[in-house]
Novice: 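Mind having a look at this structure? Questions to follow.
One is the number of the first residue; the rest follow in order along the sequence.
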Amino acid sequence: MSGENQSSVSEFLLLWLSRQPQQQQLLFVLFLSMYLVTVLGNLLIILAISTDSRLHSPMYFFLSNLSFVDICFTSTTIPKMLTNHLLESQSISFSGCFIQMYFLFLCVDIDNFLLAVMAYDRFVAVCHPLHYTTKMTPRLCALLVAVSWGISCVNTLLHTLLIARLSFCADNRILHYFCDAAPLLKLSCSDTHLNEMLILTVGGLIITIPLVCILVSYICITSAVLRVPSTKGKQKAFSTCGSHLAVVFLFYGTIIAEYFSPSSSHSSETDTITTVMYTVVTPMLNPFIYTLRNKDMKGALRKMIGRKMGSI
């Protein structure tokens with residue numbers, strides 16, 4: 001990293017959420033449990049979709065990609081935190097810190113684009129049902145996912161390299177359990193105005209453009225559903241979108257609170273709460289949100305688990 005030539009800091013110290021030993025033990029068990037639930041829940045979704053031919057549709061293709069990214073999301077931060085606790089260490093190398101931040105930003109961006117793609121999929125399904133199969137072709141679905149990854153990689157690399165080139169002169173204690181932009185900018189002894197401006201502009205566009213697409217899609221969906229004469233038809237149409245909307249509110253609410261408010265208004269407690277929400281809680285809740293409200297997913301999971309139990 002270029003920042004190593006400018007910085008006297010060779011490693012950072014990741015401070016735990018609490019300095020009390022008893023609270024640390026409780027948080028270790030809590031985060032380990034949440035991590036295992038997240039990985040297991042999202043793996044079950046991926047396996048159910050891949051093994052059940054009824055789920056081989058664009059909506060579930062995007063959902064399996066979202067589940068994969070959510071596994072990567074939590075695996076970027078929690079294992080390092082848990083390992084440091086077991087080893088009674090707080091350190092993360094300079095390069096390791098920026099690698100962790102790169103993959104964190106990457107997962108945030110891809111989640112963002114996938115939620116927009118899933119909203120477009122629901123828009124086509126509800127507003128143009130007769131043309132759904134001709135519009136949402138496997139080639140288009142693969143292209144949308146590939147473009148999401150490509151844009152996310154470039155944007156993430158830009159922000160990571162610009163933060164890595166800053167100087168970190170004395171204090172190396174990150175008041176967080178992983179490397180994130182806000183605490184690193186606070187530690188830097190360089191001018192961070194360019195970084196903050198790019199987060200608000202380029203990063204803002206990466207977040208707001210998909211969010212606008214989601215809002216426009218749901219305005220069109222709502223308009224189309226309200227024209228449906230039967231109440232049962234309206235309920236069925238809205239039920240297919242309810243799970244996605246719940247995830248959208250969870251994800252964007254915490255992201256906007258964390259990255260698009262002035263850094264001077266952040267406190268370490270606020271940063272911790274918001275980042276725990278979008279890096280741990282949201283990926284953990286996604287499998288429950290998408291399965292509890294979805295008959296096809298519940299049926300596929302029961303079928304898969306029954307087949308596994310029968311083979312024992």
Novice: In sequence, state the C-alpha distance, the side-chain angles, and the governing distance for Y177 and T279, and then conclude on side chain to side chain donor-acceptor pair (under 3.5 Å).
Specialist: CA-CA 11 Å; Y177 61 94; T279 60; 3.1 Å; yes

Novice: Distance check, rounded to the nearest 0.5 Å: F105 atom CZ versus I206 atom CD1?
Specialist: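 Separation between the atoms: 12.5 Å.
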
Novice: In Å and rounded to the nearest 0.5 Å, what is the CG to CZ distance from N65 to F68?
Specialist: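 Rounded to the nearest 0.5 Å, the CG-CZ separation comes out at 8.5 Å.
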
Novice: Kindly check if C72 and C107 bring their SG atoms closer than 2.5 angstrom.
Specialist: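 No.
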
Novice: Who passes ring-ring contact (aromatic ring centres under 6.0 Å, His included) against F61, sequence neighbours left out?
Specialist: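 Partners of F61 under the ring-ring contact (aromatic ring centres under 6.0 Å, His included) test: none.
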
Novice: Are the side chain of S188 and the backbone N or O of S190 linked by a donor-acceptor pair below 3.5 Å?
Specialist: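 Present.
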
Novice: State, without any angle test, whether S223 and Y218 hold a side-chain donor-acceptor pair at a distance under 3.5 Å.
Specialist: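 The criterion, which ignores hydrogens and geometry beyond distance, is not satisfied for Y218 and S223.
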
Novice: When you check the side-chain N and O atoms of Y252 and N112, is any donor under 3.5 Å from an acceptor?
Specialist: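 On atom types as modelled, these side chains qualify, holding a pair under 3.5 Å.
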
Novice: Side chain of S89, backbone of H85: donor and acceptor closer than 3.5 Å?
Specialist: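 A pair under 3.5 Å: no.
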
Novice: Is the distance from the ring center of F123 to that of H128 below 6.0 Å?
Specialist: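 Yes - the distance between ring centres of F123 and H128 falls below the 6.0 Å cut-off.
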
Novice: What pairs with H56 under ring-ring contact (aromatic ring centres under 6.0 Å, His included), at least two apart in sequence or on another chain?
Specialist: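 Expected list: none.
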
Novice: Quick one: CG on D52 to CD1 on I49, what's the gap to the nearest 0.5 Å?
Specialist: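 Between D52 CG and I49 CD1, I get 9.5 Å after rounding to 0.5 Å.
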
Novice: Evaluate side chain to side chain contact (heavy atoms under 4.5 Å, CB included) for K80 paired with I92, printing each intermediate quantity in order.
Specialist: CA-CA 9 Å; K80 175 62 178 175; I92 183 171; 4.0 Å; yes

Novice: Ignoring hydrogens and geometry, is there a side-chain-to-backbone donor-acceptor pair from T156 to C153 under 3.5 Å?
Specialist: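 Answer holds: no.
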
Novice: Should the pair F168 and F94 be assigned to parallel (<30°), tilted (30 to 60°) or perpendicular (>60°) ring geometry?
Specialist: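 Judged by the thresholds at 30° and 60°, the geometry between F168 and F94 is perpendicular.
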
Novice: Can I get a per-line list of side-chain donor-acceptor pairs under 3.5 Å for residues 131-138, giving both atom names and the distance, sequence neighbours left out?
Specialist:
{"residue": "Y132", "atom": "OH", "partner": "D121", "partner atom": "OD1", "Å": "2.5"}
{"residue": "T134", "atom": "OG1", "partner": "H131", "partner atom": "O", "Å": "2.8"}
{"residue": "T137", "atom": "OG1", "partner": "L140", "partner atom": "N", "Å": "3.2"}

Novice: Quick check: are the SG atoms of C179 and C97 less than 2.5 Å apart?
Specialist: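 Yes, disulfide present: SG-SG under 2.5 Å.
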
Novice: Does the N42 side chain pair with the main chain of T38, one donor and one acceptor, at a distance under 3.5 Å?
Specialist: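 A pair under 3.5 Å: yes.
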
